[in-house]
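Following: one structure in structure tokens, then a few remarks.
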There are 2 protein chains.
Amino acid sequence: MRPYSAYDSDTCSIARTLALIGDRWTLLVLRDVANGVRRFDELASHLGIARNVLSSRLARLAQAGLVERTAYREPGERERHEYRLSGPGRELIPILLAFMDWGDRNLAGPEGPPAVIRHAGCGARIRVALTCEEGHELGERPRLRMEPGPGSKVRSSGLPNGR
Amino acid sequence: MRPYSAYDSDTCSIARTLALIGDRWTLLVLRDVANGVRRFDELASHLGIARNVLSSRLARLAQAGLVERTAYREPGERERHEYRLSGPGRELIPILLAFMDWGDRNLAGPEGPPAVIRHAGCGARIRVALTCEEGHELGERPRLRMEPGPGSKVRSSGLPNGR
DNA sequence: GCATCTAGGTTTCTAAAAGCAACCCAGCGC
DNA sequence: GCGCTGGGTTGCTTTTAGAAACCTAGATGC
């Protein structure tokens, strides 16, 4: 079996996802949009992001289909635009919650976590968990095994005798 | 109840975590370290990262306690250093798997996912899932509610009449 | 019926971060 | 003592982010 490092780093789903949303601002933009901040000026002011950067991030997210940019007009008002999460965008929520979970446990001060997410139905707290398709509970230090999938790609350069 | 945008953006656990590991390379470095790539040159070559950037990322991760830098010496060899995930670093694995999961579903080509993670015990695939502490199953579009926690902080500036 | 305000950006210029190549140093092997 | 290798650091160039000014179109006020 080939060693891990023989596989192309950029082909990995983690690398591909990071290429799309892995810069300093994009996940924060998505967090705010997920929390109902929909307008350009509100986003700019709440995040403290430069407006040109926000503009380019929203354009990228819209082009990738993670947010929808729609025009709307309230009576007596002029036309506005708003940004909302679309289907694939909503599927990013586990990523946001995984970040939040880790930050709550490792970076929160003695006061406790800055925010809590609850199940809107029952009011209980939400966590991200690893699950095994056989239904086994995976504890704090799960034993995992990585193996190449059908879309794997061997690295084509940089190896001695690489091909 | 105060609106979401009245709370300080930087106090959020997502923002804090992103400030530590939310740049273009850090999560990929952690992915490789988690997969057993432990040496500087191996990381540099597999990732294609500039060596000075790798150096500064590893220093930051070591200082934050996410990786351990240890010296070791094999018989007949000179001293080497290796990097390994430490406790808090291993807790980042759900974040990596959440990225992978999303990428597999949204960015993989028709060939399928580039890699598969299995439970080392039973061989079944691993997924990240949202769970409610009451044990309710949360499906594709969970209804979530965010509320301020004990460590929440109201925004101190930028609001009309803000305080 | 012109000046002003506001949302939603774009342009322009400067500062910070990433990339690239060259260099350095220590220990080993020869 | 000479070169090779791992593990970096230094210095320069390019890319990205940030700050501030500017633009446009439709209310709004006078």
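In what follows, every chain begins at residue 1, and chains take the letters A, B, ... in the order their sequences are listed. Quick caveat, the model's predicted, so the values are computed rather than measured.
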Review point. Could you give the CZ-to-C1' distance, from B:Phe40 to D:dG8, as a whole number of Å?
Key: 5 Å

Check your understanding: In whole angstrom, what separates B:Asp41's CG from D:dT9's C1'?
Key -> 14 Å

Review point. For B:Thr26 and B:Asp23, does a side-chain donor sit closer than 3.5 Å to a side-chain acceptor?
Key: yes

Check your understanding: Nearest-Å distance, CG (B:Leu47) to P (C:dA18)?
Key -> 14 Å

Check your understanding: Hey, is the side chain of B:Arg51 poking within less than 4.0 Å of OP1 or OP2 on C:dC24, counting only N and O atoms?
Key -> no

Point to revise | Cluster check A:Tyr7, B:Val29: I/L/V/M/F/W/Y, side chain < 4.5 angstrom | key: no

Review point. Nearest to the side chain of A:Tyr83 - C:dA7, D:dG8, C:dG9?
Key: C:dG9

Review point. Given atom CG of B:Leu43 and atom P of D:dG7, what is their separation to the nearest angstrom?
Key: 10 Å

Tabulate below the donor-acceptor pairs under 3.5 Å that side-chain atoms of residues 102-117 of chain A make, not counting sequence neighbours, or state none.
| from | atom 1 | to | atom 2 | distance (Å) |
| --- | --- | --- | --- | --- |
| A:Trp102 | NE1 | B:Pro88 | O | 3.0 |
| A:Asp104 | OD1 | B:Ser13 | OG | 2.5 |
| A:Asn106 | ND2 | A:Trp102 | O | 3.0 |
| A:Asn106 | ND2 | B:Glu91 | OE1 | 3.4 |

Review point. Taking all non-hydrogen atoms of both residues, which atom of B:Arg155 and which atom of B:Ser5 are closest, and how far apart?
Key: NE-O, 3.3 Å

Check your understanding: How many Å lie between CZ on B:Arg38 and C1' on D:dG6, as a whole number?
Key -> 17 Å

Considering only nitrogen or oxygen atoms on both sides, find all protein atoms under 3.5 Å from nucleotides 14-18 of chain D and state each distance.
| from | atom 1 | to | atom 2 | distance (Å) |
| --- | --- | --- | --- | --- |
| D:dA17 | OP1 | A:Arg57 | NH2 | 2.7 |
| D:dA17 | OP2 | A:Arg57 | NH2 | 2.3 |
| D:dA17 | O3' | A:Arg24 | NH2 | 3.4 |
| D:dG18 | OP1 | A:Trp25 | NE1 | 3.3 |
| D:dG18 | OP2 | A:Trp25 | NE1 | 2.7 |

Check your understanding: Would the A:Tyr4 and B:His46 ring centres measure less than 6.0 Å apart?
Key -> yes

Review point. Looking at A:Ser55, does any N or O in its side chain come under 4.0 Å of the phosphate oxygens OP1/OP2 on C:dT10?
Key: yes

Practice item. Specify the closest pair of heavy atoms between B:Ala34 and B:Leu85, including all atoms of both residues, with the distance to one decimal. Key: CB-CD1, 3.7 Å

Point to revise | Nearest-Å distance for atom pair CG/P, residues B:Leu58 and D:dT9 | key: 10 Å

Side-chain donor-acceptor contacts of residues 146-154 of chain B below 3.5 Å, not counting sequence neighbours, with atom names and distances?
| from | atom 1 | to | atom 2 | distance (Å) |
| --- | --- | --- | --- | --- |
| B:Glu147 | OE1 | B:Arg145 | NH1 | 3.0 |
| B:Glu147 | OE2 | A:Arg118 | NE | 2.9 |
| B:Ser152 | OG | B:Gly149 | O | 3.2 |

**Study point:** Atom pair distance, as rounded to whole Å: CZ in A:Arg69 and C1' in C:dG8
**Key:** 8 Å

Review point. Whole-Å distance between C:dA17 P and B:Leu54 CG?
Key: 18 Å

